[in-house]
Participant: 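To start, I am sharing the structure in question, which I have written as structure tokens.
Below, chain A is the first sequence line, B the second, and so on; all start at residue 1.
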Amino acid sequence: MFAYIVRRLALIPILLVGVSAFIFGMLQLLSPWERVAAYVSDPAALREGRDELELLIKKYGLDQPIHVQYLEWIKGVFQGNLGWSEAARMPTLQAIAYYLPASLELTLWAAVPLLVIGIWLGVMSAVHHNRWIDHVTRFISITGWSFPTFVFGLVVLMIFYGALGWFPPGRLSTWASLVVNDPGQFRAVTGMYSVDALLNGRLDIWADAVRHLVLPAITLAYLSWALLVRVTRSSMLETLRQEYVQTARAKGLSENKVIHRHAKRNALIPVATIGGMMVIGLLNGVVITETIFNYKGLGYWFAYAARQLDIPAVLGFTMFNGVLMVVGNLVVDILYAVIDPRVRLE
Amino acid sequence: MGWSRIVSVGLLALVLGFGASSQVKNPGQLIVVGTADAISLDPAWHYDIPSAQIIFNVYETLVFYERQRVDKFMPVLAESWEVSSDGRVYTFTIRTGIKFHAGGDLTPEDVAYSFHRAMIQDRTGGPGKLILEPLLGVKSMKALAEAEGDVKACERVKAAVRVDGNKVVMTLAGPFPAEPFLQILSGTWCAIVDKEWVIAQGGWDHDSATWRKWHDPKVEASELFDKMNGTGPFMLKYWKKGDEIVLERNENYWGEKPKLQMGVFKVVTEWGTRLLMLKEGDADFIAVPRANISAVEPLVGAEISGYPINKPFQPIVRLAKNPEGTVRVFKDLAGSSMDVGFMNFELAADSPFVPTLGGQPKPDLFSDLNLRKAFSYAINWAVYLEDVYLGEAVQPRGVIPQGVLGHNPNQPVYGYNKAKIIEHLKLAWGGEVWEKGFNLQVFYNTGNLMRKAACEMLEMYIEELNKERPGKPPFVIDVKDLAWATFLGHAVAGRLPLWFSGWMADYIDPHNWAHPFLHSAGSLAVRINITKDKALSAQFDALVSKGIGLLDPKAREEVYFQIQALSYEYATHIWLVHATARSYQRMWVRGWYHNQLEPGANLAALWKASLDSVTLGARGSLVIYGADADKQPAKHLWFWIENAGPGRVKVTFDWAGGYEAKDLAREYILEPGAFITKGGPHTWRASKVTVEELDGKRNTVVMYNFP
Amino acid sequence: MKTAKRLVSNPLSLMGLVLVLLFVAIGAAAPWLAPPWQPAEPYRIPRHGFRAEPRPPNWGAWRTFPPEWRQRPLGTSEGQYDIYYGIVWGTRTAFRAGLVITGFAVVIGLFIGSLAGYFGGWLDEGLMRVTEIFMAFPFLIAAIALTAALGRGITNIMVALIAFSWPGYARLIRGDILALRERDYVLAARALGAPHWRIIFRHILPNAIFPTLVVASMDIGSMVLSFSALSFLGLGAEVGYADWGQMISFAREWMLGTVGGNPLQYWYVVVFPGAAILFFVLGWNLIGDAFRDIVDPRLRRVRG
């Protein structure tokens, strides 16, 4: 197992070099004239036009051959310097740390109901196979799988904010953000407002933070939820057909006991894998969700950076996610091996 | 000086019993919600509005505008100043006893250092050239250093701004009009920093030999990127990047203590959220995209237009809709940018976008006057301004926009005229255009939908003529977009045949417009290769040079009139649009004024007060309604007269109409920020209101009444 | 044949089939449903003026069929772009995106996968490491990153999505080829001295390709989803191109209606293009789902 872990972790540097080289190579298709846009907020500020643009291209080294630029960047990466993110107005690494708590908070708020409700519905659907609950669940989950996040998000925003005014976008109301950012009044521990508010004993702030989290969390969960229900359902169905379950039934155990004692535990092994992957996958989904709800986290920053051609940010965030995926997968694999003794990692 | 101005508000009906008053939310805080975050808080580095509006409230300059006036200056960190008779030497006496926020004393050395630092930093695309041009006659520090060597160049910078006792002396490199120079000095890029403190932060040590190290830094490399230490009425509390910047009052401010305790500048990119914040009172000012103004309409209780440009004292009269509205909007505020269609007289040889005439490449297509005229007639300004700018923009009368010396309101302009388009197309290139057709690409920068609409309009009006000339090869216009940097790259290299783009003035002087657009060395004129028409170009060169050389405004104006007439006659550009601005604010905001050269809310001048907390007389609830005597007045009526300061004014009601309001006095003295307002069902009418200023200060008085 | 029968007999997959065929019909009949105003550029959505504020549908236009787009049958979006026209021509964009992306990804995947699977050894090792790298990144994030580097535009979005979707197919085909490589008829062909390309094309691919095609058909829906998501984020074509994702991004500023007025005033701006994407993707997913059950219940999706 140890060798397996080492091998997986050894993949990380290869991965970073591989994909960053690929994206850097693709960058060459954009002329320096296009890339320089990242460094100028307003073209009207360039009064002399050509000369100034050329100076800027030089200043940011955009005219250097691509391998020189790349070596420069990768050298920085190994020194822990991912470059300056113009979109965040801070170094990329710092920006990741700055925006991570927000996204993590959102992901947690999405993941918990996602797992609980998703698994419950999946089990129910399998147990009541081909009954109404099964049909409804299947239909909803397949629709959910086809529902574009951005349409879903906009529609719930239109209804629950525009029409009803219940759940505003953003992360906090103005009054709350003034409190939260004042070290005299509020001690930031995790950067996750719904947690910090409790630690500070500020229920009003907690309520405000949660009010802002509801819609994006639902939107974020919705897509993955559909998949989770499907996987749980089919895994459960398969288990219920297994011999030992049938035996348990034959022994005269109550149906309830059969399901919860015997079938569910085994059925949940593949679900655990998918579930773990899904929580990582949620970070993927924050890009669109955060953009729609103006929720300033990693995804919001990344989408903005991509539009602004903020290459260090785009690369940095992609690398960060690559590492996260590898480590996340590894953790899931290990857990899997722990849960299911039949699996051995090699 | 006791002069007065009679304002005819029409017949004013007095109405009683207006009861609605709303509690002010966050009374000590002013919350400004915009769409973009500051980029750098370094005065020398920044060159964008979101950064400038922070710097503007934290740092101070030597001189500054008298409220909305861009032509009158008051001393700030300079106690006084003198100008030599030839206009080349400015001597500023520096105020004493002023402390920076971090505790340092303001000295003349700090002032000189601030200017030197701004000049040697001169980052590419930054504001440095604004200072370098008048003081050293160069466009960049690089250019100066190349010509004279590093040390010598820095010595020249130091000689241009030097300390003399408690004075700072600035020597200009050549003739430069006084007003624009003082406007440059009032800009945030000329903010005064604390020399010792800046050096302690890792800034330039003021050594002529070492300045290169601090020259043209990247944004994060400038030592003041996210730190501030000014002398101004507000200090930086924190900058939560991408989210908000909070300023708090400087309790030790040397000048008049501001009424607000805090200024909050928030970034909210989502329009809907900004709107709701304004509605809920969580925002006092919001940025409203022109396209979305209809969505704010239900909130607007007061709509004010006709804000004066450079008028010393002028009440502003308005009409409005929703008496319960909580938002006030100022419309038609002077802006300082213009969008223009550029027709390239001859494309650069390496252009990939060469138009064709009858299938043959024709790089000099637009050197033909008739073709330029035909295109000038192919913009329908009535539709364009109404649809794209919702009526809040004007068609420029030429290169000099409204509010600038040399603007000629009587200059004829082009307008949509199908017969004229046909006439000129038939004449263009000796009839070749009409017979053989052309193929042309017109450009705008990606995302600029307003310019896109102009391109599409040209396309529509010209391509529809193909119907009138059956059997002939068609006129083909392709509308193309380019990402702006590429767009600018091609434009400056003279590779685009026809494109729409803009220009914005940093200071208000006709030379800042005429030279770039029409002088053969102008940065915009070279893009259209105007020298292709040598005779025309020579005329412009002579006139532009004459214009900057004259001192007498009247004579200058005449020259700029001539320039614009010539530009019209030769249809050199399509002068597309000079947009005006709006300001949306909660009604409880007091003391606001508009100065087109100021970057945003001046926190020191503003405060918040509810309708009944700053009033006059018994609860001050007086509201006037302007209704025709014969018409039935509507139910909810009110009027508003507000003194936006800085001095006191006297308001006199003249009941010449024969009706008298029993609970309304004939005369009121309004302190700055005070107002008279009254609302409810109608009872009385009045006919005239006179406003007189008492303290000899130049006041702004806002008046409105509405059904 | 049997497959087709089962597709039709299951109500869900039948619904999917009907939906997809409906969109095929709309796409094919686009010039008749919404005759282009600029025949040379049919994908440019016509505008009804230049105002920003959307205008509601004119239901009267539906009295004739097809409705005349000049009468705003589904209203106009931000900037007066015609919604009806955009949806009709956007159907073609969606098909193009879905088919081109999966098509290219499958071809590249087939190529790489068969090389790796057939030849094995260091080639296999090397190629599989490359696919692993590409698969290690969250799909959408990697695609956004690449689109940003390539520059915005529809073609670039497609390139980016292809770049990060081929590895799944490569893996799949490699696995199947590994299984086939040692089969008797392949060994026989090899013994007879047939050239490699002939063995691959004649003997191996025809037998190995089917599962890949099934997976690919299931992916079309999610590819269109990713495509419109990128377009929604503002990485797609310039404003005014007939593309559903972009049409939904028009809706963002109008979601709140008018304050104090009707909050759902501009519902049509999001509902019509949103429904178009939803039903399009739903159609493909229903078919794909049924396909999976029919062809191989053990097939797992390539990507999560």
Participant: Please state whether the side chain, the backbone, both or neither of C/L278 comes within less than 4.5 Å of a heavy atom of chain A.
Facilitator: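 Both parts, heavy atoms under 4.5 Å.
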
Participant: Determine the minimum heavy-atom distance between C/M135 and A/M325, stating which atoms define it.
Facilitator: O-CE, 4.2 Å

Participant: How many angstroms lie between CD1 in A/I159 and CG in C/L264, if you round to the nearest 0.5 Å?
Facilitator: 7.0 Å

Participant: Under a 4.5 Å heavy-atom cut-off, does chain A meet the side chain of C/S226, its backbone, both or neither?
Facilitator: neither

Participant: Is A/L154 close to chain C through its backbone or its side chain, or both, or neither, when contacts mean heavy atoms under 4.5 Å?
Facilitator: both

Participant: Could you look at C/W284 and say if it's the side chain, the backbone, both or neither that has a heavy atom under 4.5 Å from chain A?
Facilitator: neither

Participant: Please classify the contact between A/A163 and chain C as side chain, backbone, both or neither, with a heavy-atom cut-off of under 4.5 Å.
Facilitator: both

Participant: Starting at CG of C/L230, measure out to CD1 of A/I288 and round the result to the nearest 0.5 Å.
Facilitator: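 The CG atom of C/L230 sits 7.5 Å away from the CD1 atom of A/I288.
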
Participant: Kindly give the heavy-atom pair with the smallest separation between A/F317 and C/I141, and that separation in Å.
Facilitator: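 Distance-wise, the nearest heavy atoms are CE2-CD1, 3.6 Å.
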
Participant: Can you confirm whether A/F150 sits close enough to C/S228 that some side-chain heavy atom of one is under 4.5 Å from a side-chain heavy atom of the other?
Facilitator: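 Yes, at least one pair of side-chain atoms sits under 4.5 Å.
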
Participant: C/F232 versus chain A, heavy atoms under 4.5 Å apart: side chain, backbone, both or neither?
Facilitator: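 Just the side chain, heavy atoms under 4.5 Å.
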
Participant: What are the two closest non-hydrogen atoms of A/M158 and C/V270, and how far apart are they?
Facilitator: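 Closest approach of A/M158 to C/V270, heavy atoms only: CE-CG1, 4.1 Å.
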
Participant: Verify, without hydrogens or angle tests, whether A/R307 (side chain) and C/L233 (backbone) share a donor-acceptor contact under 3.5 angstrom.
Facilitator: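 Yes.
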
Participant: I'd like to verify something: which residue of C/A275, C/A229, C/P273, C/S249 has the highest number of heavy-atom pairs under 4.5 Å with chain A?
Facilitator: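 With the most close heavy-atom pairs to chain A, the winner is C/A229.
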
Participant: Give a yes or no on this: more than 12 heavy atoms of other residues, nucleotides or ligands lie within 6.0 Å of atom CZ of C/F104.
Facilitator: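 No, CZ of C/F104 has 12 or fewer neighbouring heavy atoms, counting only those of other groups under 6.0 Å.
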
Participant: Kindly indicate whether the side chain of C/R252, heavy atoms from C-beta on, has any atom under 4.5 Å from the side chain of A/T291.
Facilitator: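 Sidechains of A/T291 and C/R252: in contact.
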
Participant: Which atom pair, heavy atoms only, marks the closest approach of C/A148 to A/A306?
Facilitator: CB-O, 3.6 Å

Participant: Could you check if a side-chain atom of A/F22 sits within less than 4.5 angstrom of a side-chain atom of C/I133, using non-hydrogen atoms only?
Facilitator: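 Heavy-atom side-chain distance check fails, nothing below 4.5 Å.
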
Participant: Taking CZ in A/F24 as the centre, count heavy atoms belonging to other residues, nucleotides or ligands within less than 6.0 Å. Is the count above 12?
Facilitator: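 More than 12 heavy atoms, drawn from other residues, nucleotides or ligands, come within 6.0 Å of this atom.
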
Participant: Could you give the distance from OG (A/S146) to CZ (C/F279), rounded to the nearest 0.5 Å?
Facilitator: 10.0 Å

Participant: What pair of heavy atoms forms the shortest contact from A/I311 to C/A149, and how long is it?
Facilitator: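 Reported closest heavy-atom pair: CD1-CA, 4.4 Å.
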
Participant: What part of C/A163 lies closer than 4.5 angstrom to a heavy atom of chain A: side chain, backbone, both or neither?
Facilitator: side chain

Participant: What verdict does the side-chain contact (heavy atoms from CB on, under 4.5 Å) test give for C/I277 and A/F147, after you've listed the backbone C-alpha separation in whole Å, the side-chain angles of each residue and the deciding distance to 0.1 Å?
Facilitator: CA-CA 8 Å; C/I277 300 189; A/F147 216 135; over 6 Å; no

Participant: Checking heavy atoms, do the side chain of A/F302, its backbone, both or neither come under 4.5 Å from chain C?
Facilitator: side chain

